[in-house]
Enquirer: 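Input: one structure, supplied below.
Below, chains carry the letters A, B, ... as their sequence lines are ordered, and counting in each starts from 1.
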4 protein chains.
Amino acid sequence: MQKKKIGIIGATGYTGSELVRILANHPHVEITVITSETYAGKKFSDVHSYLKGHVDFTLSSVEDLKPEVLDLVFLALPHGVSMDFVKKFQETPLKIIDLSGDFRLSDSSIYETWYQKKHSHSEGFKEAVFGSPELFSDRIKKARLIANPGCYPTSAILALAPLLTHKLIETAPIIVDSKSGVTGAGVKPKETTHFSNVHDNFKAYGLKNHRHTIEIEEIADKIAGSKTTIQFTPHLLPVDRGILTTVYARPLQQINEETVQNYYKEFYQNAPFVHITDRPPSIKDVRASNHCAIYATYDPRTNLIVAVSVIDNLVKGAAGQAIQNMNILFGWEETTGLNQLPIHP
Amino acid sequence: MQKKKIGIIGATGYTGSELVRILANHPHVEITVITSETYAGKKFSDVHSYLKGHVDFTLSSVEDLKPEVLDLVFLALPHGVSMDFVKKFQETPLKIIDLSGDFRLSDSSIYETWYQKKHSHSEGFKEAVFGSPELFSDRIKKARLIANPGCYPTSAILALAPLLTHKLIETAPIIVDSKSGVTGAGVKPKETTHFSNVHDNFKAYGLKNHRHTIEIEEIADKIAGSKTTIQFTPHLLPVDRGILTTVYARPLQQINEETVQNYYKEFYQNAPFVHITDRPPSIKDVRASNHCAIYATYDPRTNLIVAVSVIDNLVKGAAGQAIQNMNILFGWEETTGLNQLPIHP
Amino acid sequence: MQKKKIGIIGATGYTGSELVRILANHPHVEITVITSETYAGKKFSDVHSYLKGHVDFTLSSVEDLKPEVLDLVFLALPHGVSMDFVKKFQETPLKIIDLSGDFRLSDSSIYETWYQKKHSHSEGFKEAVFGSPELFSDRIKKARLIANPGCYPTSAILALAPLLTHKLIETAPIIVDSKSGVTGAGVKPKETTHFSNVHDNFKAYGLKNHRHTIEIEEIADKIAGSKTTIQFTPHLLPVDRGILTTVYARPLQQINEETVQNYYKEFYQNAPFVHITDRPPSIKDVRASNHCAIYATYDPRTNLIVAVSVIDNLVKGAAGQAIQNMNILFGWEETTGLNQLPIHP
Amino acid sequence: MQKKKIGIIGATGYTGSELVRILANHPHVEITVITSETYAGKKFSDVHSYLKGHVDFTLSSVEDLKPEVLDLVFLALPHGVSMDFVKKFQETPLKIIDLSGDFRLSDSSIYETWYQKKHSHSEGFKEAVFGSPELFSDRIKKARLIANPGCYPTSAILALAPLLTHKLIETAPIIVDSKSGVTGAGVKPKETTHFSNVHDNFKAYGLKNHRHTIEIEEIADKIAGSKTTIQFTPHLLPVDRGILTTVYARPLQQINEETVQNYYKEFYQNAPFVHITDRPPSIKDVRASNHCAIYATYDPRTNLIVAVSVIDNLVKGAAGQAIQNMNILFGWEETTGLNQLPIHP
């Protein structure tokens, strides 16, 4: 099989280096170009020095990128920047997987409300497919533009999907209490990522207005087929990678623990990366892998369903899921190049 | 003023060493005896080597303890062990502050259900006062036996008390999502506290059956004056000290953010250790101090009240609160010997 | 090519699970048997729950192992246990790579002095080849029994080999100051690996008598062709994986920084896993990979050579190097199955 | 006793907040003014939000500081900034304890070589006393300007002083291998203090040219009474606080372990904060205290003396030692206000 030619737009962030790490051993693709406006002309290993001698690819400017020689590009860019590249490539047949938040929501007005930023390419929303492989693989297969899900939404949606699909729960409000590692905040030093502000510490942040709230809510709406309301509270863990999401929901009918667990097992029986566990999982159980582990239970004392999901925010929550989407798009086995086992411990 | 003579029963655990650390600079007390059955005859600094040259107190057996020469003992013992000492001292006038869970619940049958253990001194429950100084100082003043609250319950109750007191929320279910540092699991090495099982990791545990569930619920009942139901989910943080509790509750009437915050400010206006903050606090904000910080808000989009509290589980969640209770008991200023500022960073 | 049949003796430790993680994607081998006396009959994923659904291999007792159907076994056992299996298999043609310390030294009397333990199979020492691929690949190719190097010795020897080979330094004493992650201490909970004894902490240990001292010294002797004396000080880092070793040595002749660096570059020019860097590396630069990075310099102010090396103690310091040795033994490309890039961050 | 009036110049850094934390419970002083050019007019607790309700002191500009109403100022400023304040106050009787590196060396030319920065007040060097209480208390008593030692130099000098004083070791080179927590790098976010660059990581840095090299060397010269040469290698630990220094030196005469240890015990017999231990200490043994623990040994196999010292870089390595110097200066008991026990764990 001839290898597909892949471009990565954006080389300095964690999603860029994680795409390179995983794609390096993907059997069906070849990274043809990596762009960086800041480091064009330098090597990828000048930016990520630990790869010296291993990934010495020379970076180019996006100005020199020729869409016609590529099969697909990953946009590993911050939100607010990706949209311009999607616009730039709109007349080309180039497949795009955008890892930013720019095309995940339903339209530009909702985007502008939650991101507090003008959107430059509102037509993109119509074309974009939300890249959740466990839910929308039919649409992903035919997509040209895939909006790769956010890290928190991936963990929340996977924990909620069986409940919403089967209309088992009250949908307003649903409580989503999430805890994330620091890499979710990006590669750039700032006060919130300063070592001594994070290490041996823990805090809640972004209450009531985190952008992933609306992303979770809109996808939950689609799955439920009705309006949902999500109370989303993110917290910052003193770890590099990993999200654990604890979900609380009220059942609409009489239910028990076994029934709840069976809904989950059945829902994910063909999902190669999602595992239903019989004990609450930990984030290290999935570290550096594309796995998601979910534990779901029912508490008769309180009449609540509680579900706990874990993912690696940089893999299943970003680069790994993007590659999973690419596999689906190109008609390959979903797990191709994604069979790395977790790094444990 | 003549110093009160204090005994500490139990020298090896974290609560024992934390009591010694704080009491070392308390102006009105003198540690007269520290017992350890394992290390009797050795020095306290043989068990806690970092105190060599600083706390070289010789440990004795509890057999040699003379209740009549002491004013008060702290029981720094595991649950299931404390009860026997309370029983042993029952005919003496000795004041007791028990840091274990043995007398926190309402009676022995509830204890036996949740602790899966026979209780040897059920009469103790009648006498015991739950040592939450912000709620029960009148009873603490006159107590002979104080059941010092658990660490999770302290963080949960302080976050819930203003809401329950003013009957602002639905009480069944209330969601209490807590995250604790590892010292809460004790000084003894085991699989769950093995470094590589905790470091860079995070997990939920004890869902539906953690013993602190019933402790929170019973105190919540008392404050609310009616039956409550608590969904309590503890999680294990890769940090030494600190608990952050996120509480979710549905208001019973129309409310707004400002009103919620005012209820909290007013409720704690005379509580020297509790501070209502205008942003979510972090556990390092209170580390190694007796402080508790609480942020409370209301989300009109979801119609939920969310409150976040932080404490140091070994100080406000154990030894510090015990000393605060002692201060009240002896009629001293509540803050005596507890004015240490947080260690930050 | 027909796949080689591989056995792993010992399933519960970190080296066992790390062998499985890496071999899972090795193109030329098939894991045929994994033994565990404790868990025989259970699945590998019952012991390592994060692999449920991914590695559900059933464990067997070593009693049921048939050497004649295997091409090679890895002994992932504690020292003092491995020796009995080497003895057991001595009459079979089975290739053995022993990850314990049982056959790394020159004879049983030295072993018994440093390990304070009787050796049951002293004939093994004659046959055993020290598995340092960068130094002894010729002997490894023809070996039947490979003593896979210790983690500290790997980091120290790689940092010292160019200096010793070219007789550039005084060899008594050489200072080896090493810092290791906690996984080096094994999977079993004990006081020294209890989370709160390690986290946010750092200490030296094993001064003057750590077993790896003699292992480093004996190999240094071989490389130098003369007697060396090593002052080895291990320290415990609050991290999972990684060793950083800082070496100090006095040059025997006039030298400068450039010359020193050139010796290193030339020495390792054909070593695919060793990279000479122009700045001191960090342990995360090689995490979860088989890479070793070395920075070497000369300080004219003090007339000392200083070299800093980093490895992942579980990969290049254990399972990865064992697989590298297997590749050499079977005549495969040295890097086969070992091309994983570091997990960063 | 009337309280001394104290000023703190510089409110935002870790040394400033640590001075406040410790002085808050000092019986003989009163903080009269804290200055911050950035935050003048705001409260100290606006900068350090965790102190809200506890330290609500209003910050002023240094322009408004009246030297005549103060007894002593601490300069908690970066190097290169302190010198201007020392100059500014030179005609006043104000006592100054400077926590920066501006007056620790012997003269401005050496300063300018190692700090790569012009010095604006070279006369200050003559007046400045190096504030190492265990070595120079006689001079500290009479000082007007105290140059408070650097954190690394404190740990190194305390480990070396008994050896140098008694001329027990070769002085060129002496190897000082140090490992420090991240707070030593300051409060300001930068790439080297970004959480994911430090957490679960470890590296060497500043080889051959770290500024503390010359500070250690000059003080070692003074103690030894002859020229020394120090090979100083700092490393960055993934912890908040703490320095562990491992020192290697060759004895000049025949010696044994017991003799070495006796030299240390005798040397520090009247030093209330320095403890000679019989096992290597860990940094948590002294965390948040002014303690220093030292383990010294001799290895007959290599004929080397190895000493390991630990301090908290923000306390004994900065604010605590500054307060110890103030106590000496004012003729108070050296331990006044410094009797906090370590926070452990």
Enquirer: So does D:S196 get a backbone contact from the side chain of D:N201, meaning a donor-acceptor N/O pair under 3.5 Å?
Expert: no
Enquirer: Checking the side chain of D:E215 only, and the main-chain atoms of D:R104 only, is there a donor and an acceptor separated by less than 3.5 Å?
Expert: no
Enquirer: Check the side chains of A:D98 and A:S82 for a donor-acceptor pair under 3.5 angstrom, ignoring hydrogens and angles.
Expert: yes
Enquirer: CG of A:N339 to CG of A:N290: how many Å apart, nearest 0.5 Å?
Expert: 10.5 Å
Enquirer: Around D:Y39, counting heavy atoms of other residues, nucleotides and ligands shown, do more than 12 lie under 6.0 Å from its OH?
Expert: no
Enquirer: Under the salt bridge (charged side-chain N to carboxylate O under 4.0 Å, His left out) test, which residues partner A:K316, sequence neighbours left out?
Expert: A:E134
Enquirer: Where along residues 236-245 of chain A does a heavy atom come under 4.5 Å of chain D, listed by residue number?
Expert: A:P238, A:V239, A:D240
